[in-house]
Amino acid sequence: MGVRCVAIRACGGVLQRALSLHTAHATKDMENLFQLVRNIVPALTSSKKHKGQDGRIGIVGGCQEYTGAPYFAGISALKVGADLTHVFCAREAAPVIKSYSPELIVHPVLDSSNAVEEVEKWLPRLHALVVGPGLGRDDLLLNNVRGILESTKARDIPVVIDADGLWLVAQQPALIHGYHKAILTPNHVEFSRLWEAVLSSPMDSNDLRGSTLKLSQALGNITVVQKGEQDLISNGQQVLVCNQEGSSRRCGGQGDLLSGSLGVMVHWALRAGPEKTNGSSPLLVAAWGACTLTRECNRQAFQKYGRSTTTTDMITEVGTAFSRLFTT
Ligand SMILES: NC(=O)C1=CN([C@@H]2O[C@H](COP(=O)(O)OP(=O)(O)OC[C@H]3O[C@@H](n4cnc5c(N)ncnc54)[C@H](O)[C@@H]3O)[C@@H](O)[C@H]2O)[C@@H](O)CC1
Ligand SMILES: Nc1ncnc2c1ncn2[C@@H]1O[C@H](COP(=O)(O)OP(=O)(O)OP(=O)(O)O)[C@@H](O)[C@H]1O
Ligand SMILES: [Mg+2]
């Protein structure tokens with residue numbers, strides 16, 4: 001079974017069933033997607049597990065201004081189920097990020113003259129890299145990240161690119177063009193910037209699905225997740241729509257929760273193999289799972305905290321949201 005375009009709203013886990021045949025198909029497709037995500041989730045029943053097996057995830061980001069974003073991405077990866085998270089950040093950001101959590105391993109290397117070599121030492125041990133949360137736009141850091149991305153591609157490691165990592169890709173699309181294990185997660189503004197850089201024309205905001213498909217194609221069929229009122233996910237061949245109910249609360253950091261979750265889910269999806277994703281692209285399945293989870297965390301947190309909801313509250317919901325959605 002291949003996954004077709006799916007557009008339906010899940011309301012608190014209970015599907016709002018409409019009467020039309022089209023909606024019935026969409027409902028079936030969405031049930032299938034939930035099942036595919038469940039298929040890739042590693043079981044926690046074996047006693048033979050070793051530390052690291054369910055995910056060693058690297059986060060590349062964190063600078064003088066932004067320390068929250070890499071923390072949110074890293075802790076989200078752990079809360080979803082990764083075993084270890086390494087944050088590679090600028091020197092000044094490191095003590096701050098460490099002070100948020102003893103659970104993150106923090107390397108203050110990103111602004112050093114041998115940053116690429118320092119990260120390369122760890123790359124063989126990492127299952128996926130999330131590049132960009134809180135990276136900033138300093139030329140020295142961006143240049144180092146360029147080298148890290150080249151090295152990551154050479155090792156065939158999956159990479160999620162978000163935030164200022166997308167700024168870098170907009171400057172130099174060739175850096176990621178056609179890399180089949182890349183997923184870009186732009187918000188609306190980041191998407192428009194990428195579009196203009198790659199397609200040299202204003203995008204059609206009346207056809208967001210078509211635009212997501214086209215941008216993916218123009219980048220050599222890499223996976224693109226356009227975040228927004230609904231999340232649109234494409235690999236240039238198909239478009240998935242994530243319409244999971246969230247809330248109107250749009251506090252900063254939700255995108256970091258998404259990119260960190262996706263880092264671990266892409267590892268699971270690739271490891272599970274094509275039988276588990278039933279022929280569908282593992283990257284699409286992972287992206288749909290991470291979007292669905294992020295929006296459910298937002299919904300649950302908003303029910304409890306309303307206007308005062310922040311990303312920290314959403315992260316507290318990861319465990320229950322995950323069980324509700326993906327644990328059978
Ligand atoms: N606590 C933290 O440390 C946080 C740091 N962040 C970091 O901040 C840096 C800049 O990220 P930005 O997202 O601000 O990127 P940009 O600097 O490109 O700014 C995008 C702007 O567009 C606005 N915007 C977003 N979605 C929009 C929409 N749908 N319609 C209209 N306007 C929209 C935002 O308010 C923002 O001002 C990144 O490194 C990012 O990771 C963010 O992740 C938020 C949390
Ligand atoms: N209008 C909306 N309605 C519902 N959910 C939304 C809406 N806009 C974004 N989201 C959800 O919020 C999550 C983060 O998307 P958002 O556009 O806020 O990212 P971002 O701007 O990169 O966030 P960050 O502040 O972390 O950088 C995604 O899962 C997305 O589905
Ligand atoms: Mg963002």
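We count ligands from 1, going down the list as the structure has it; atoms in each ligand are counted the same way.
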Under a 4.0 angstrom heavy-atom cut-off, which atoms of ligand 2 come close to Gly253?
24 (P), 25 (O), 26 (O)
Nearest protein heavy-atom contact for atom 1 (N) of ligand 1: which residue, which atom, what distance?
Gly68 CA, 3.7 Å
Out of Asp256, Leu257, Val189, whose heavy atom sits nearest atom 27 (C) of ligand 1?
Val189
For atom 30 (C) of ligand 2, the protein heavy atom that lies nearest, with its residue and separation
Asp231 OD1, 3.3 Å
Check against side chain to side chain contact (heavy atoms under 4.5 Å, CB included), Thr152 and Leu123
CA-CA 7 Å; Thr152 305; Leu123 281 183; 4.0 Å; yes
Under 4.0 Å from a heavy atom of Gly253: which atoms of ligand 1 are those, numbered in the order shown and with their elements?
44 (C), 45 (C)
Atom 1 (N) of ligand 2: which protein heavy atom is closest, and how many Å away?
Glu229 CA, 3.5 Å
Taking only heavy atoms of Pro133 into account, list the atoms of ligand 1 that are under 4.0 Å away from them.
41 (O)
Distance flag for atom 35 (O) of ligand 1, protein heavy atom under 4.0 Å
no
Does the residue Gly228 have a heavy-atom contact with ligand 2, meaning some pair of atoms that are separated by less than 4.0 Å?
yes
Does one side chain, of Asn39 or Gln35, offer a donor that lies under 3.5 Å from an acceptor on the other?
yes
Would you say the side-chain atoms of Ser216 and Asn235 include a donor-acceptor pair closer than 3.5 Å?
no
Atom 4 (C) of ligand 1: which protein heavy atom is closest, and how many Å away?
Ala69 CB, 3.8 Å
May I ask you to list the atoms of ligand 1 that are less than 4.0 angstrom from any heavy atom of Asp164?
9 (C), 38 (C), 39 (O)
Ligand 2 to Thr294, heavy atom cutoff 4.0 Å, flagged ligand atoms 29 (O)
More than 12 heavy atoms of other groups within 6.0 Å of Asp156 CG
yes
Could you check atom 13 (O) of ligand 1 against the protein and tell me its nearest heavy-atom contact, residue, atom and distance included?
Asn187 ND2, 3.6 Å
Atoms of ligand 1 close to Gly134 [distance to a heavy atom under 4.0 angstrom, numbered from 1]
39 (O), 40 (C), 41 (O)
Applying a heavy-atom cut-off of 4.0 Å, say which part of Gln230 lies close to ligand 2: side chain, backbone, both or neither.
neither
Taking atom 11 (O) of ligand 1 as the reference point, report whether a protein heavy atom occurs under 4.0 Å from it.
no
What do you think, any protein heavy atom under 4.0 angstrom from atom 8 (O) of ligand 1?
yes
Could you point out which residue of Val285, Asn32, Leu293 forms a side chain to side chain contact (heavy atoms under 4.5 Å, CB included) with Val37?
Val285
Just say parallel, tilted or perpendicular for the rings of Tyr71 and Tyr100, cut-offs at 30° and 60°.
perpendicular
For atom CZ of Arg250, decide whether the heavy atoms of other residues, nucleotides or ligands shown that lie under 6.0 angstrom number more than 12.
yes
If only side-chain N and O atoms count, and only distance matters, is there a donor-acceptor pair under 3.5 Å linking Thr185 with Asp162?
yes
For atom 30 (N) of ligand 1, closest protein heavy-atom neighbour
His188 CD2, 4.0 Å
Minimum side-chain heavy-atom gap Thr85-Ile59 below 4.5 Å
yes
Could you check whether atom CZ of Arg91 has more than 12 heavy atoms from other residues, nucleotides or ligands sitting under 6.0 Å from it?
no
What about Phe72: any of its N or O atoms under 3.5 Å from an N or O on ligand 1?
no
Heavy-atom contact under 4.0 Å between Gly255 and ligand 1?
no
Parallel under 30°, tilted from 30 to 60°, perpendicular over 60°: which one fits the rings of Trp288 and Phe34?
perpendicular
Answer yes or no: does atom NZ of Lys181 have more than 12 heavy-atom neighbours from other residues, nucleotides or ligands under 6.0 Å?
yes
Aromatic plane relationship, Phe326 with Phe322 - under 30° parallel, 30 to 60° tilted, over 60° perpendicular:
perpendicular
Side-chain donor-acceptor pair under 3.5 Å between Arg295 and Asn298, yes or no?
no
Check whether any protein heavy atom sits under 4.0 Å from atom 19 (O) of ligand 1.
no
Of the listed options Arg137, Arg193, Glu65, closest to atom 15 (O) of ligand 1 (non-hydrogen atoms):
Arg137
Under 4.0 Å from a heavy atom of Asp256: which atoms of ligand 2 are those, numbered in the order shown and with their elements?
26 (O)
Is it the side chain (CB and beyond), the backbone, both or neither of Leu135 that lies under 4.0 Å from ligand 1, heavy atoms counted?
backbone
Kindly identify the option in Arg250, Arg299, Gln254, Lys227 whose heavy atom sits closest to atom 5 (N) of ligand 2.
Arg250
Are a donor atom and an acceptor atom from the side chains of Asn278 and Ser280 found within less than 3.5 Å of each other?
no
Among protein heavy atoms, which lies nearest atom 17 (O) of ligand 2, and at what distance?
Asn187 CB, 3.6 Å
Note: Glu196-Arg193 ion pair, threshold 4.0 Å (strictly below)
no
Output the list of atoms in ligand 1 that are nearer than 4.0 Å to some heavy atom of Ala163, sorted by atom number.
38 (C), 40 (C), 41 (O)
Going by the order shown, which atoms of ligand 2 are within less than 4.0 Å of some heavy atom of Gly252?
25 (O)
Return the residue, atom name and 0.1 Å-rounded distance of the protein heavy atom closest to atom 23 (O) of ligand 2.
Gly255 N, 3.2 Å
If only side-chain N and O atoms count, and only distance matters, is there a donor-acceptor pair under 3.5 Å linking Asp313 with Thr310?
yes
